[in-house]
Amino acid sequence: MAVATAGAVNAPKKSRVKDRQASMYPIWLLYPAAAIYGILFLLPTITSLYYSLTRWTLFNSEFIGFDNFIQFFQEPFLYQALINTVIFAFVTSGLKVVLGLALAVLLTSPLIARDFLRSVVFFPVLVSTVGVGITFTILMHPTEGVINETLAMIGIDGPGWLVDRNLALYSVALVDVWRGVGLATVIYIAGIVSIPADYYEASRIDGATRWQQFRHITLPLVRPAMFTVIILSFIGGLRLFDLIWTMTKGGPGFSSDVMASVVYKQYQSGFYGLSTAGNVVLFVLIAVLAVPLNMFLNRKVVTR
Amino acid sequence: MSWVKKYGLSAAAIAISLVVFVVPFIFIIFMAVKDQQQSAQMDFSWPTSFHVVENFVQVIQARDFMLITAYINSTVITVTSVALLVVLSALVGFVLQRRVTWWTPWVDFFILAGLMMPPAVVPTITLMQQLGIFKTIHGLVLIEVAYNMSFSVILFRNFIATIPRELDEAAIIDGARPLSLFFRVILPMLKPVTVTVIVVQTVAIFNDFVNPLYYLPGRENATVQLTLYNFQSQFVTEYNLLFMNILLITIPPLVVFLFFNRQIVAGMSAGAIKG
Amino acid sequence: MSGLKMKDLRKSFGAVDVIKGVDLEIEHGEFVVFVGPSGCGKSTLLRMTAGLEDITSGELWIGDQLCNDVEPRDRGIAMVFQSYALYPHMTVAENFGFSLTLARAPKEERERKVMDAAKILQMEHLLDRKPSQLSGGQRQRVAIGRAIVRQPEVFLFDEPLSNLDAALRVDMRMELSKLHQQLGATMIYVTHDQIEAMTLADRIVVLNGGEVQQQGAPIDLYNSPANLFVAGFIGSPKMNFTKVKVRSADATSVVVGSDELVDVMVPLSGRKLNVGDELTLGIRPHVLTTDSIGALKGTVDLVERLGNETIVNFRLATGAQWLAVLSGDIVLKQGEAVNFAAESKDILLFGADGRNLATAS
């Protein structure tokens, strides 16, 4: 979870390989882990680059160049999934970053039952996603769901959360925020708690208001935690599958399809080449969006 | 007036958080104990009658005690994967933290890739078929180990960085060889982070839906998450049973949470922020 | 029995030479202290002896075994670390006996040796404690006990007292001295604290820049330092220095002086010096006295009156800061001009290459 710089930061500064190190920390200790990771993660990732260039079904595979990728950008329902993935990642990570910080500030101020509240906020993180998906599908039922019935009591005609083509993706995004904001909050809390109290005391003597304290002390010093939250939730958003699948299966129509659900659907239908191409597109999407973001944020942490 | 100004906002925030985060859980519990008719109304109401045992027995018995099978499968998968993850990741974290060579940046790169990149599903399935581990419990165990390795390695490595090297050196002078250094000196000191890894990975793997869906399809090897997913279509009119199922598979993480609350939070944040 | 021999030992990290050829012979049973400022290579030299750092070139003999490529556990050494490096999850007894556990020694032998070490250190009652339940001094003793159990030919100490408070340090220093007499083993001790070096050592090895500057009995180093570095490093407070020129020289003495220093005659034989040669003159603060016709003119900056002695910070006309430690309580005012004097036998002269003219060959 410590994105990116973990190695560089902890690495002892020794300029050369030393035999002494080699004998005490032999490389063969890494072999079992490397074998499992290499065979089951790296190898398929590399071969996927080839498979994505094939028309590959249950029966045979045939090299077709970039046709699969072209299809991704031409077929509206596939292209839609690409757009949805990016929207979903931005919406969920944006909300988690903001709401997580708000909750963390609230839950680090002196409150009654603070520990209980922290647990309450964190608990959804630990619950089965399928369970969450089913529960909210029922809560969000357009006519009989608790949410719309409650809205009706105060005279609001609730929307068709999961059945409205324009809304389904955002409804799932909201549920994802509900499920994941607890993790963001915990990370923020850890960041806020590690800020020395001296800063707040000094600023109070200087006459800072609570808002000024937040603006000029908490916000800058919680930045490393914030970057972790951004990266984690952004990548999580790009890769999300289980919640979409249990709540809408990409529907209505293809309106809430994301890359991960397209990959599964194509796999289910036996279009293995297209499915793998979807994987590669998602791979590239993360490489293009998340990796530079990670590098950018890490540089900011270092130079801070 | 000033009281409202001072506390009104946070009081409102607390109230909203409570409603948003607690109501869905109460809803699950209510639904799980209602009878079929009341649960079909899908509303947030006090159960008119309590059918705890009845619903429980029905869910357990459904489809030839499938939930029991699933529980056993999920437990086997979770325990084995986590045990492997702890030992292997601690070894990797140890060697990587202590030894810096020309290949260190490459390993860092692969760890990061494992953390960020989606696995290539279909090629993995093909590979597993060739290896004869597709649709097998041990195949899924290896998958869980491979996919969750990066995160565990980072947690271990960050923690090992806080153990002074002089301890290694003292052990070396005392005559420790690499394996005894690791198992007798280092590993016993990793207890706090090991607890964190165990808890976090147990919850993650027990709750995993995607990987069993791809790599362990079929009824005989179903995991609890898959069972719940399949029950969704079977119990389409029996919400009380569906929610009893949700409740039952939520209990293990709940127990873990209640026991290790402090470690989860501390460990998560330590691993996340230190990076 | 076993002494220890270093022949032209060298160590480099990449292009950086850390140890630049050290030759040293240590007798069996000797207590040798490596001393020097941080970064001088003293710890590296010790770690090379322990086998924790590779030897780039040269030979390391422990007893009659060439140890360059011998594993640490087979060198017959034991080491006490600055941070003690106690295994936190083991009891004191387990810490003591860990080397024997690893060597699969029989249980009775292990228990006997652990008990012996505990007796020597008087910590039989603490054997079941964990390190976290011990005080700093007790932890230090556990670290020493762990070394004793190994019955090594050579004990290695890496700044073992620097984590203790001042009072405890004095106690532990005496205990270490006693332990050395009791065990009669060879001990090599690294410190940056020259008082520790002076009090503990049979022989001090002064290191700087990866080279041995001088080695010898503590008092010899104090009385006749080989060069400016040793003169400045050994002795507290530090020796005062000033640049002087040779006014005249004959077979048994030399007369030096400078603008702020009235000419003084220093006995010196067997030296060929020319009038006008630049030298460095050194005087220890303790040998200075106030004297109205003293050769050294200074302006008082600061006076610290300690009762039994008075420490005077003063400034020469060149601006050089000097220190005099005068016995008794002497009243001086800031800004007061004072003349200081010293007996000519207490004055040291160093050549342009930094070497002590009285001892250099």
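Below, read A as the first sequence line, B as the second, and so on, with proteins coming before strands; counting in each chain starts at 1.
Atoms CG and CZ, from Leu29(A) and Arg99(B) in turn, are 9.5 Å apart once rounded to the nearest 0.5 Å. Taking CE of Met149(B) as the reference point, atom CD1 of Ile36(A) lies at 5.5 Å (rounded to 0.5 Å). Taking CD1 of Ile125(B) as the start and OH of Tyr272(A) as the end, the distance is 7.5 Å to the nearest 0.5 Å. To the nearest 0.5 Å, atoms CG (Asp242(A)) and CD (Gln225(B)) are separated by 9.0 Å. Taken from CG in Leu18(B) to CZ in Phe116(A), the straight-line distance is 6.0 Å, to the nearest 0.5 Å. Between the OG1 atom of Thr135(A) and the OH atom of Tyr239(B) there is a distance of 11.5 Å, given to the nearest 0.5 Å.
When all heavy atoms of Arg177(B) and Met24(A) are compared, the pair lying nearest together is C-CE, 4.1 Å. Asn279(A) and Pro118(B) make their closest contact through OD1-CB, 4.3 Å (heavy atoms, listed as atom of the first residue, atom of the second, distance). Residues Pro119(B) and Phe41(A) approach most closely at CA-CE1, 3.9 Å, considering heavy atoms. Residues Ala33(A) and Val92(B) come closest through the heavy atom pair CB-CG2, 3.4 Å. Between Trp178(A) and Val20(B), the shortest heavy-atom contact is NE1-O, 2.8 Å. Nearest heavy atom pair, residue Ala120(B) against residue Pro44(A), reads CB-O, 3.6 Å.
Chosen from Leu106(A), Thr45(A), Val181(A), the residue pairing most often with chain B at heavy-atom distances under 4.5 Å is Leu106(A). Between chain B and the options Ser52(A), Gly236(A), Ser128(A), Ser48(A), heavy-atom pairs under 4.5 Å are most frequent for Ser128(A). Comparing Leu139(A), Val263(A), Thr150(A), Ile39(A) by how many heavy-atom pairs each has under 4.5 Å with chain B, the most go to Leu139(A). When each of Thr137(A), Thr246(A), Ile46(A), Ile134(A) is checked for heavy-atom pairs under 4.5 Å with chain B, Ile134(A) comes out on top. Contacts with chain A were tallied for Leu91(B), Leu85(B), Leu258(B); Leu91(B) has the most, counting heavy-atom pairs under 4.5 Å. Taking Leu282(A), Val280(A), Val127(A), Leu238(A) one by one and counting their heavy-atom pairs under 4.5 Å with chain B, the maximum is reached by Val127(A). Among Leu131(B), Leu247(B), Thr126(B), Val22(B), the residue making the largest number of heavy-atom pairs under 4.5 Å with chain A is Thr126(B). Between chain B and the options Val193(A), Thr276(A), Val132(A), Leu43(A), heavy-atom pairs under 4.5 Å are most frequent for Thr276(A). Chosen from Thr124(B), Leu84(B), Val87(B), the residue pairing most often with chain A at heavy-atom distances under 4.5 Å is Thr124(B).
For chain A, the nearby part of Leu181(B) is the side chain; its heavy atoms alone come within less than 4.5 Å. For Ile143(B), the parts sitting under 4.5 Å from any heavy atom of chain A are the backbone and the side chain alike. Only the side chain of Leu42(A) comes within less than 4.5 Å of a heavy atom of chain B; its backbone N, CA, C and O stay farther away. With a 4.5 Å cut-off on non-hydrogen atoms, Tyr37(A) touches chain B through its backbone and its side chain both. With a threshold of 4.5 angstrom between heavy atoms, Tyr51(A) approaches chain B through side-chain atoms but not through N, CA, C or O. The contact between Ala176(B) and chain A is made entirely by backbone atoms, counting heavy-atom distances below 4.5 Å. There is no contact between Leu107(A) and chain B, counting heavy-atom distances below 4.5 Å. Interface residue Ile27(A): backbone and side-chain heavy atoms are both found under 4.5 Å from chain B. For chain A, the nearby part of Ile249(B) is the side chain; its heavy atoms alone come within less than 4.5 Å. No part of Ala34(A) comes within reach of chain B, as not one of its non-hydrogen atoms sits under 4.5 angstrom from that chain. Heavy atoms closer than 4.5 Å to chain B are found in the side chain of Leu117(A), but not in its backbone. Contacts between Val229(A) and chain B at a heavy-atom distance below 4.5 Å are absent for every atom of the residue. Interface remark: Leu40(A) contributes backbone and side-chain atoms alike to the contact with chain B (heavy atom separation under 4.5 Å). Contacts between Tyr229(B) and chain A at a heavy-atom distance below 4.5 Å involve backbone atoms as well as side-chain atoms.
Judged purely by atom type and a 3.5 angstrom limit, Asn207(B) has no side-chain atom pairing as donor or acceptor with the backbone of Thr129(A). A distance-only check finds a donor-acceptor pair linking the side chain of Arg239(A) to the backbone of Met116(B) [under 3.5 Å].
In the displayed structure, Phe182(B) atom CZ is contacted under 6.0 Å by more than 12 heavy atoms of other residues, nucleotides or ligands. Summarising the local packing, CH2 of Trp28(A) is surrounded by more than 12 heavy atoms from other residues, nucleotides or ligands at distances under 6.0 Å.
In this structure, Phe25(B) and Phe123(A) have tilted ring planes: the angle between them lies in the 30° to 60° band.
Taking the centre of each ring, Tyr264(A) and Tyr214(B) come in below the 6.0 Å mark.
The shortest side-chain heavy-atom distance between Ser17(B) and Val120(A) does not fall under the 4.5 Å cut-off.
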**Request:** Give the C-alpha distance, both sets of side-chain angles, the deciding distance and a yes or no for side-chain contact (heavy atoms from CB on, under 4.5 Å) between Leu226(B) and Val130(A).
**Result:** CA-CA 9 Å; Leu226(B) 281 186; Val130(A) 184; over 6 Å; no

